[in-house]
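Worksheet for the structure shown next.
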2 protein chains.
Amino acid sequence: MAARHEEIADALRRAIDREDYTVGSLLPPETELAARYGVSRGTVRQAVATLTAEGLIGSRQGARRVVLAGRRSQSFAELRSFAQWARAMGREATGRVMAQEWRTVTAEDRARLQLDPGTRVLHVLRLRGLDGQPVLLERTVYADWISTAVEHIEADCPSVTQRLLDDTGLVLAYGEHVIDAVAASARDAELLAVRRTSPLLRVRRVTTTREGRPVEWSDDRYRPDAVRFSVHTSIGNNALARMTADQ
Amino acid sequence: MAARHEEIADALRRAIDREDYTVGSLLPPETELAARYGVSRGTVRQAVATLTAEGLIGSRQGARRVVLAGRRSQSFAELRSFAQWARAMGREATGRVMAQEWRTVTAEDRARLQLDPGTRVLHVLRLRGLDGQPVLLERTVYADWISTAVEHIEADCPSVTQRLLDDTGLVLAYGEHVIDAVAASARDAELLAVRRTSPLLRVRRVTTTREGRPVEWSDDRYRPDAVRFSVHTSIGNNALARMTADQ
DNA sequence: ATGGAGCACTTGTCTGAACAAGTTGGCCTC
DNA sequence: GAGGCCAACTTGTTCAGACAAGTGCTCCAT
């Protein structure tokens, strides 16, 4: 925790969690917070902007800020790593590679991973569990330049993200996620221990490095009785977008 | 479009859309943008922060900003209003109230809408369509103080949000959305014209005013072949959070 | 009572400056 | 050629000040 504005954001987050400020109540004015923490108003504004983006507080010109929600999952790399997310919640993540295969890129692979025609990429089918229960089936395609590193990871490695970071220094920094629902196929059903055609929450995502280079793309299917997603939106800030199926 | 930083954000958004800056390429340095638009570096930083939050560009200390994605739905009130979203995409939204009923609040209603025990609230079942096709089934509970206004809206009003704004000045400002998947019930199937048990994308949401006062909560079920959701995440900014089903 | 004007308060916008910290590429040495 | 060091560049953090704009309250006149 280096930056002062992060410390202040954290202090405010904890104060809200402690119910020093209850849901519906008003936060102190910026000037008061600035005086309390011994910083300028700009630094306080950076801190409260973080909480606003998290959906914890609401802000409008002229009126004091209002507390909108009480708690926040508050982990950082939440979506980038299943294992890190599980650990942050005090659950144990497991993983197992069910199938692995090299294939020549399809048109879709090429578009999503920005690769040349004819490139060979690694397809991995991985089943992931939470406290022993299977909850997620990942079908991932890795870009050629990272595939050999992925290939040599042991089949039951709980955190591929952590492993790639340790082995190659790779940091997964950005992701685009498209969320919908599908019926479980026979294979899905067998591996996730649900009935065939039962509804699954599907997330298709592309993950890139800090430099913006695509690393992997994946079709993830969650048991909806085990995992959900949540998003806060506000009038000036909608991270979540609705899309039609075409285009 | 009042604020200078919004104008600059918009100019950059259009430049990216126009492919003046292609995906994977680098944005000019802040100082250069500041000089080009005749503003201080702080104002440029505000503009690029917007695009970063939208997932259009990636940013890291020391390196130039990189363009991550080409286009952005860029409408404002997207998630708050089905009709406004549809219009922004050049589609026509329809709506029809299928059932409407006053009930005494349940414990869940009270918790979500912050109401007193014994309060009467309005339950509405609304079917919504896009270009004539049914795509969404909304089961909404409105807080008592807005229910009478909702009750008097005609059954086939395409935009309830717009109507409430016109009639009562109500602005829906904040929302929390929890996303999962469910199997279509017999009723769902009939109204949405899908087979029973076919997968639906469910969004449960609570919407509040600018003051943080809950207005409505809703169980929305989308045909996943018609509507999807998309989210951008980045290392410092995860609007989307994964949740376990319990708690 | 009711409505409007005015005022204090609070957040939003913007500036210009300075320093910290991370990245990148070139140069130099071995 | 390989490796390491350095310098230029770029983004991140913070400050102090000023003004704009929206909110909510009081008070006054009707």
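The chains referred to below are lettered A, B, ... by the order of the sequence lines, with proteins before strands, and numbering in each begins at 1. Please read these numbers as outputs of a predicted model, since none were measured by experiment.
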> For B:R45 and D:dT11, is the shortest distance between a side-chain N/O and OP1 or OP2 below 4.0 Å?
Replying inline: no
> Is there a side-chain polar atom (N or O) of A:R60 under 4.0 Å from OP1 or OP2 of C:dG12?
Replying inline: no
> If you look at every strand shown and take non-hydrogen atoms under 4.0 Å, does A:S59 touch a base, only sugar-phosphate, or nothing?
Replying inline: sugar-phosphate
> Pick the nucleotide of DNA chain D nearest each of B:E211 and B:P29; which residue has the one closer to the 5' end?
Replying inline: B:P29
> Quick one: do the A:T208 and A:R213 side chains pair a donor with an acceptor below 3.5 Å?
Replying inline: no
Side chains of residues 27-36 of chain A: which donor-acceptor partners sit under 3.5 Å, not counting sequence neighbours?
{"unit_1": "A:E30", "atom_1": "OE1", "unit_2": "A:R41", "atom_2": "NE", "d": "2.4"}
{"unit_1": "A:E30", "atom_1": "OE1", "unit_2": "A:R41", "atom_2": "NH2", "d": "3.1"}
{"unit_1": "A:E30", "atom_1": "OE2", "unit_2": "A:R45", "atom_2": "NH1", "d": "2.7"}
{"unit_1": "A:E30", "atom_1": "OE2", "unit_2": "A:R65", "atom_2": "NH2", "d": "2.3"}
{"unit_1": "A:E32", "atom_1": "OE2", "unit_2": "A:R36", "atom_2": "NH2", "d": "3.2"}
{"unit_1": "A:R36", "atom_1": "NH1", "unit_2": "A:Y21", "atom_2": "OH", "d": "3.2"}

> Distance check: side-chain N/O of A:R4 vs OP1/OP2 of D:dT14, anything under 4.0 Å?
Replying inline: no
> Is there a donor and acceptor pair closer than 3.5 Å between the side chain of B:R41 and the base of D:dG12?
Replying inline: yes
> Looking only at side chains, do A:T106 and A:D109 share a donor and an acceptor under 3.5 Å apart?
Replying inline: yes
>> Nearest to the side chain of B:V39, heavy atoms from C-beta on, is which of D:dT13, C:dT15, D:dA16?
In response: C:dT15
> Of A:A63 and B:G62, whose closest DNA chain D nucleotide lies nearer the 5' terminus?
Replying inline: B:G62
> Cation-pi between A:R112 and A:W217: NZ/CZ under 6.0 Å from ring centre and within 45° of the ring axis?
Replying inline: yes
>> Measure CG/A:L33 against P/C:dC9 and give the value in whole Å, please.
In response: 17 Å
> Between B:E30 (CD) and D:dT13 (C1'), how many Å, whole number?
Replying inline: 12 Å
> Counting side-chain heavy atoms from CB outward, which of D:dG22, C:dT10, D:dA16 is closest to A:Q61?
Replying inline: D:dG22
> Checking all strands, does A:R65 fall into the base, sugar-phosphate, or nothing category for heavy-atom contacts under 4.0 angstrom?
Replying inline: sugar-phosphate
> Could you give the CD-to-P distance, from B:E32 to D:dT10, as a whole number of Å?
Replying inline: 8 Å
> Looking at B:T43, does any N or O in its side chain come under 4.0 Å of the phosphate oxygens OP1/OP2 on C:dT15?
Replying inline: yes
